Amino acid sequence: MRASNETDGGATVEAQGSGETHSFQAEVSRLLHLMVHSVYSDRDVFLRELISNAADACDKLRYEALSRPELLADDPELSITLAIDKANGTLTVSDNGIGMSRDELVDNLGTIARSGTHAFMEKLGQGEGSPKLIGQFGVGFYAAFMVAARVDVTSRRAGSDEAWVWSSDGTGTFTVEPFAGEDAPKRGTSIRLTLKEDAKDFLEPWKIEQVVRAYSDHVAIPIRIATIEQKDEEPRQINNAAALWMRPKSEITEEQYKEFFGAIAGIYSDPALIIHYRAEGRHEYTVLLAVPSEQPFDLFDPERRGRQKLYVRRVYITDDAEFLPGYLRFVRGVIDSEDMPLNLSREMLQNNPLVAQIRKAVTKRVLSELKKTAEQNSETYGKIWSAFGAVIKEGLYEDMERRDELFEIARFRTTTSPEGETRSLKDYVGSLKTNQTAIYYVAADDATKAAAAPQIEGFKARGIEVLLLTDPVDNFWTRTALGFDGKPFRSVTQGAADLAGIPVEKSDEATESDAQDKPALGTLVAAMKQTLGDAVSDVRLSDRLTSSPVCLVADVQGMDRNMERLLAKQKPGAKHSQPILEINPTHPMVTGLAKRAKEHGVSDEISDAAWLLLDEAYVLEGEPVPDPAAFARRLSGVMARILG
Ligand code: ADP
Ligand code: MG
């Protein structure tokens, strides 16, 4: 998050003559430390980061100049120049883009601008200070300190008459002072890196060219190289600078796509899926989007913008037009319209009917491409789903209109899916048991817990598949979903299980209802109900248990057990509904208790057992027992009776 101006970028300031010394925000210092100690092979990325910032600055200026053409004035051709000065050991990256004012220098370069950075550093920090991941993420301006002992940024905001210099050696402080030299840049930013002793290879033009080709070939602004020795020659362009999305698919290599998404979207792993097409007809536009194969570190950051960039006839307009719904926010890329007006303000975009139409069409296309991948390439789709399934599922309750389509591409771990594989709802519905009328699920914090829930024993015994839901969003969509293919979703921890009509498959665990002493069990249930009073809303015999003696279930109205647990954690003390205690009529402990209840009536033994069984049910849910002291007293009593 950008710090506000009052806090001056979270920095402390000391005036020093005309300049000022500031401390970096604490997070910046940590990131700088990681940068400085980064692995050698990752260092190339500093150039990609500086070029990408320079290109953004040019795009921003071009956009502002649409309404204020005087900003481009006598220097209309935007470009990026990489200047090598071997004698002084410096590499300078300059652009004639938007530039930065003094305050922007302090805010943008002294503060972590990106709100996901914190999470990113946590991740990096875990790896014993060897941040191997750096190259895979957009790490921003600070990457300069991977190669530079000192960085001097001179900048003049377009239209301003003052230029400022920001300097730092990357060890905790930076200075900002007015530009005092001879020829101040007319506009834009110039970043001079005084290279470290072991980074002098970046003074070789071939090395620079190689890195630019690898990472920035399709940055749509010309990148030129210049050396002090050849001062009088025109700088030579070293990138392609063409809008890749305008070229036919058949002419683009995988490497080029990869480089492109690295440059414009910070996706540095191989994209899992690339969607590239030209829409013709009523409206003409080109779409080039990618689904990454890995989660970006800021996936769940609601403030992260720049998911899809809008261009109008190759001119960058904005990156917050939101061409896709929030649950597809991991899809990144470019949409370039031929028909929209160039002088479209960002605010106007919100209500532009053309934008709305493109949004609809592109969303449809992305979903159909995902579906195609799911059907034809389950390995790739498996990667996409494991990285982004939790996000796509947000659509199950946000986007009613497309819910059925989303159900088709949703994948689940289930009680019958082989380790590491998932099943679709179509698979599920295709293997329903005779008389099974619902799609059953169990929600828990993780799959192991979900699979171990006592409530699913009876389902397993009958060979009924149960979805194992472990994402927080699962608690929400399951409450509003109407069903799939006419089958409602039912939590196994809620309501009656209704399993009587489906025969048990494994005969050794069979519920021999004939052998049950119904009257004795009835007496036990009544005795337990009386003992437990308000602690439960009911006690009943279960057909969902085979090996555990007890479990808790929730009423069919209201929420399932997992949701109840979540709410209880969030609002301890709030009133919540009492669970139903189900007991397993085939468990020896239960049959034994039933026999006693029939023979001796309700005794202290039976009531102690009732409370202990309730406590056991909580323990089986992974929850603390409601009254530990009473639990301990009863348990000791029972043990003493056995031993005595
Ligand atoms: P990001 O590019 O993700 O915002 P960076 O750390 O790369 O993060 O850059 C921080 C900010 O500094 C940018 O958002 C931009 O506002 C500013 N900035 C960096 N380089 C330039 C430049 N060459 N011209 C103008 N502004 C720049
Ligand atoms: Mg950047």
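Remember, it's 1-based here, ligands and their atoms both numbered in the order they're listed. Given the structure is predicted, the values throughout are model-derived calculations rather than measurements. Keep in mind that the numbers below use all heavy atoms, side chains included, and drop hydrogens, waters and symmetry copies.
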- Record the part of Asn108 in heavy-atom contact with ligand 1 below 4.0 Å; permitted values are side chain, backbone, both and neither. both

- Query: Parallel under 30°, tilted from 30 to 60°, perpendicular over 60°: which one fits the rings of Tyr311 and Trp245?
  - Reply: tilted

- Query: Atoms of ligand 1 less than 4.0 Å from Phe141 heavy atoms?
  - Reply: 5 (P), 6 (O), 7 (O)

- Should the pair Arg313-Asp336 be classified as a salt bridge under the 4.0 Å nitrogen-to-oxygen rule? no

- Message: Run the salt bridge (charged side-chain N to carboxylate O under 4.0 Å, His left out) test against Asp95 and tell me which residues pass, sequence neighbours left out.
- Response: none

- Message: Is Glu49 close enough to touch ligand 1? Criterion: a residue heavy atom under 4.0 Å from a ligand atom.
- Response: no

- Item | Contact atoms of ligand 1, heavy-atom distance to Met100 under 4.0 Å | 17 (C), 18 (N), 21 (C), 25 (C), 26 (N), 27 (C)

- Which of the ligand 1 atoms, numbered from 1, are nearer than 4.0 Å to a heavy atom of Gly140: 5 (P), 6 (O), 7 (O)

- Message: Side chain or backbone, does Asp95 bring an N or O within less than 3.5 Å of an N or O on ligand 1?
- Response: yes

- Scanning both residues in full, the closest heavy-atom pair of Arg187 with Leu72 reads NH1-O, 3.2 Å

- Taking distance alone, with no angle check, do Asn53 and ligand 1 share an N/O pair under 3.5 Å? yes

- Message: At less than 2.8 Å, would any N/O/S atom of Asn53, backbone or side chain, sit next to the Mg ion (ligand 2)?
- Response: yes

- Query: Taking the side chain from Arg156 and the backbone from Pro185, do they hold a donor-acceptor pair closer than 3.5 Å?
  - Reply: yes

- Task: Pick, from Ser155, Ala144, Ser52, Ala57, the option with the minimum heavy-atom distance to atom 25 (C) of ligand 1.
- Result: Ala57

- Establish, from distance only, whether the side-chain atoms of Asp152 and Ser167 form a donor-acceptor pair under 3.5 Å. yes

- Item | Residues in side chain to side chain donor-acceptor pair (under 3.5 Å) contact with Ser368, at least two apart in sequence or another chain | none

